[in-house]
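Hydrogens, waters and symmetry mates play no part in the numbers below; they use all other heavy atoms, side chains included. We're numbering straight along the sequence, starting at 1. Just so you know, ligand 1 is whichever comes first in the structure, and atom 1 is the first atom listed for that ligand.
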Amino acid sequence: MALYSDKVMDHFRNPRNLGKLDDADGIGEVGNAKCGDIMRMYIKVDDGIITDVKFNTFGCGSAIATSSMATELIKGKPVEEALELSNKAVVEALDGLPTHKIHCSVLAEEAVRAAVKDYYDKNGIAYDPEMFKESDDPHGESCEA
Ligand code: FES
């Protein structure tokens, strides 16, 4: 069996929503200290709905594929729903990732959450800080670039 699914290869080769939003309402930047990969997510929010989203990822193919898929999964959705996006949902939508690449999908989840947090902060929207607490071991798995 191929190491990467057709969907992963497709999103890696033709990333959706690649780029930058100059008028973003929220920007989230996260990185993985082990591999040095960086992901930046931009969201445009209108009436609580994510009307546009773009990303820039300086990282491995899986990080590019997962961020691309994450943008597709949150576009057109309420911000609260985007907050619930799990890395597992991103991996499932991509028809799986090799175990040692699961941490790349964690980066995508974190980038979305960071962008929503930035949106909340910039707009004075109250939230429970617990919602944005980092998990104990966000990049726990080995990171082989
Ligand atoms: Fe670091 Fe994929 S995010 S290797």
Side-chain angles (χ1 to χ4, degrees), residues 1-45 49-123 125 127-145:
M1 207 184 94
L3 190 57
Y4 294 105
S5 71
D6 290 345
K7 274 198 193 164
V8 173
M9 293 310 293
D10 179 33
H11 277 263
F12 166 56
R13 291 200 178 111
N14 311 294
R16 324 296 200 264
N17 306 306
L18 185 65
K20 180 177 178 226
L21 284 179
D22 287 328
D23 57 348
D25 295 307
I27 302 171
E29 184 175 299
V30 293
N32 182 312
K34 280 190 193 162
C35 61
D37 290 355
I38 296 171
M39 203 179 274
R40 195 175 293 154
M41 192 73 66
Y42 304 85
I43 56 172
K44 182 94 196 121
V45 182
I49 305 289
I50 297 176
T51 53
D52 205 359
V53 51
K54 293 238 184 289
F55 81 94
N56 263 316
T57 292
F58 306 93
C60 73
S62 299
I64 291 167
T66 53
S67 34
S68 167
M69 179 54 89
T71 61
E72 291 233 294
L73 292 172
I74 65 167
K75 201 170 186 177
K77 301 271 169 60
V79 276
E80 293 76 23
E81 222 172 285
L83 264 187
E84 282 166 19
L85 179 75
S86 67
N87 76 302
K88 203 164 164 267
V90 175
V91 172
E92 273 167 20
L94 286 168
D95 293 337
L97 271 179
T99 313
H100 69 282
K101 286 292 177 183
I102 295 294
H103 74 275
C104 314
S105 65
V106 173
L107 218 50
E109 176 191 318
E110 288 181 346
V112 170
R113 293 171 63 77
V116 171
K117 183 175 183 298
D118 186 49
Y119 161 70
Y120 283 165
D121 287 340
K122 281 183 176 147
N123 289 277
I125 298 171
Y127 57 84
D128 178 359
E130 284 291 311
M131 288 195 316
F132 295 100
K133 254 178 93 178
E134 283 200 13
S135 61
D136 291 343
D137 190 12
H139 313 297
E141 294 168 68
S142 68
C143 188
E144 295 163 30

Within the 4.0 Å heavy-atom shell around D37, which atoms of ligand 1 are there? 1 (Fe), 2 (Fe), 3 (S), 4 (S)
Side-chain donor/acceptor of D37 to backbone N/O of C60, under 3.5 Å: yes
Please identify each residue that fulfils side-chain contact (heavy atoms from CB on, under 4.5 Å) with V91, with sequence neighbours left out. L97, I102, S105
Is C35 close enough to atom 2 (Fe) of ligand 1 to have an N, O or S atom under 2.8 Å? no
For L83, is there any backbone N or O sitting under 3.5 Å from a side-chain donor or acceptor partner on R113? yes
Out of all atoms in ligand 1, which are within 4.0 Å of some heavy atom of H103? Include the element for each. 1 (Fe), 2 (Fe), 3 (S), 4 (S)
C104 neighbourhood, listing ligand 1 atoms whose heavy-atom distance to it stays under 4.0 Å: 2 (Fe), 3 (S), 4 (S)
Heavy-atom contact check, 4.0 Å cutoff: does K34 meet ligand 1? no
The atoms of ligand 1 lying under 4.0 Å from a heavy atom of K101, numbered in the order shown, are 4 (S)
Counterpart residues, side chain to side chain donor-acceptor pair (under 3.5 Å), relative to S67 (two or more places apart): T57
Output, in order, the C-alpha distance, side-chain angles, deciding distance and verdict of side chain to side chain donor-acceptor pair (under 3.5 Å) for D22 and Y42. CA-CA 9 Å; D22 287 328; Y42 304 85; over 6 Å; no
